[in-house]
Amino acid sequence: MEILENRQAWEDHFKANWLAHYEETGETNWKLYQYSKNEEAPSGKAIDLSQSKLLFVTSSGAYLKDSQEAFDAPELLGDYTVRTFPQSTDLGDIAFAHEHYNHQYVDQDPQSVLPLRLLETMQSEGIIGELAETVVSFHGYTPIVTRVIDETIPQIISIAKEQNVDAALLVPV
Amino acid sequence: MSLLNRAFEIEGIPSVMTTWRDGVARLAKAPRVTFTTLPRGATIGAPHDTAQQRRVLEATFELFKQEAPVKPVVLDETMEEA
């Protein structure tokens with residue numbers, strides 16, 4: 001099972017259309033963009049979350065504002081790097097570098113996309129067995145899918161394995 | 001994020017996702033996903049609406065109880081956009 005079944009076809013279309021237009025004009029044209037398409041979904045086992053260690057992954061562009069470099073939000077070709085921070089991080093220590101969604105809701109309540117305290121409550125109630133020590137954050141504006149597959153995803157899977165997690169919660173924006 | 005959802009499952013680590021962006025997730029064949037009509041930037045729920053945020057998470061966690069792939073589940077969760 002592949003992450004993207006038709007990788008070469010996707011890349012050929014991307015280079016000939018969206019990327020060619022971008023390189024020619026410096027602008028993005030989403031009418032020229034082909035989203036990832038697969039025919040089959042991967043199979044996997046059922047688990048009991050109350051007996052599992054859960055990793056939280058966000059694509060909100062969250063980072064530690066005083067100690068980490070912000071994601072390159074203005075870059076029209078995307079940012080494929082990953083940040084991590086402790087699950088216990090104070091929400092006030094986090095900023096969001098991402099220009100492709102309106103920040104009005106996270107400015108009011110970061111838990112609208114980053115429910116760190118709520119997850120801790122659910123852990124204390126026994127709904128979640130254990131939370132991973134680390135939260136994984138990346139920048140969800142990533143038009144070059146092959147770079148997501150080759151750069152971003154391997155970093156995140158590696159962190160998941162290092163943390164010895166049993167499951168992951170993925171929250172895009 | 002749909003591709004990451006696939007990657008985790010391929011690696012033998014079950015993962016669940018919730019999103020307002022159903023078209024992209026369906027096209028990518030994400031294996032365990034819930035859909036809402038919450039606005040972009042409030043994926044888990046309206047600001048300070050802890051009850052809604054909790055409903056979305058609990059419904060999404062339900063997907064762990066089944067073997068993947070799970071048929072996408074549409075949640076009746078929305079909010080008025082400011």
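Keep in mind that this is a model prediction, so the values were computed, not measured. Reminder, nothing fancy here: chain letters follow the sequence lines and each chain counts from 1.
Taking chain B as the reference chain and counting heavy-atom pairs below 4.5 Å, the highest number among A:Val106, A:Leu54, A:Val171 is found for A:Val171. For the options B:Ala25, B:Gly41, B:Gly45, heavy-atom pairs under 4.5 Å to chain A are most numerous at B:Gly41.
Only the side chain of A:Leu118 comes within contact range of chain B, with at least one heavy atom under 4.5 Å from a heavy atom of that chain. Contacts between B:Ala46 and chain A at a heavy-atom distance below 4.5 Å involve the backbone alone (N, CA, C, O). Looking at A:Leu49, only its side chain comes within 4.5 Å of chain B, counting heavy atoms on both sides. A:Pro172 touches chain B through backbone and side chain together, each having a heavy atom under 4.5 Å away. Contacts between A:Phe96 and chain B at a heavy-atom distance below 4.5 Å are absent for every atom of the residue. Heavy-atom distances place both the backbone and the side chain of A:Val113 under 4.5 Å from chain B. Both the backbone and the side chain of A:Ile47 come within contact range of chain B, each with at least one heavy atom under 4.5 Å from a heavy atom of that chain.
Atom CG of B:Leu38 and atom CZ of B:Phe35 lie 13.5 Å apart (nearest 0.5 Å). Separating the CG atom in A:Leu114 from the CD1 atom in A:Ile94 is a distance of 5.0 Å, to the nearest 0.5 Å. Expressed to the nearest 0.5 Å, how far CD1 of A:Ile149 lies from CG of B:Leu3 amounts to 5.5 Å.
Hydrophobic clustering, with ILVMFWY side chains joined whenever heavy atoms are under 4.5 angstrom apart, groups A:Val173 together with B:Leu57.
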I'd like a table of all donor-acceptor pairs linking chain A to chain B (distance under 3.5 Å, no angle check), giving the atom names and the distance to one decimal.
| residue | atom | partner | partner atom | Å |
| --- | --- | --- | --- | --- |
| A:Glu2 | O | B:Arg6 | NH2 | 2.7 |
| A:Ile3 | O | B:Arg6 | NE | 2.8 |
| A:Tyr35 | OH | B:Arg21 | NH2 | 3.2 |
| A:Asn38 | N | B:Leu27 | O | 3.0 |
| A:Asn38 | ND2 | B:Ala28 | O | 2.9 |
| A:Glu40 | O | B:Arg6 | NH1 | 2.7 |
| A:Glu40 | O | B:Arg6 | NH2 | 3.3 |
| A:Gly44 | N | B:Ala68 | O | 3.0 |
| A:Gly44 | O | B:Ala68 | N | 2.8 |
| A:Lys45 | O | B:Arg32 | NH2 | 2.6 |
| A:Ile47 | N | B:Phe64 | O | 2.8 |
| A:His100 | O | B:Arg40 | NE | 3.4 |
| A:His100 | O | B:Arg40 | NH1 | 2.9 |
| A:Tyr105 | OH | B:Ala82 | N | 3.2 |
| A:Gln108 | O | B:His48 | NE2 | 2.7 |
| A:Asp109 | OD2 | B:His48 | N | 2.6 |
| A:Asp109 | OD2 | B:Gln53 | NE2 | 3.1 |
| A:Ser112 | O | B:Thr43 | N | 3.3 |
| A:Ser112 | O | B:Ile44 | N | 2.8 |
| A:Ser112 | OG | B:Gly45 | O | 3.0 |
| A:Glu125 | OE1 | B:Arg54 | NH1 | 3.2 |
| A:Glu125 | OE1 | B:Arg54 | NH2 | 2.2 |
| A:Glu125 | OE2 | B:Arg54 | NH1 | 3.4 |
| A:Glu125 | OE2 | B:Arg54 | NH2 | 3.4 |
| A:Lys161 | NZ | B:Glu11 | OE1 | 2.7 |
| A:Ala168 | N | B:Pro14 | O | 3.0 |
| A:Ala168 | O | B:Val16 | N | 2.9 |
| A:Leu170 | N | B:Val16 | O | 2.8 |
| A:Pro172 | O | B:Thr43 | OG1 | 2.6 |

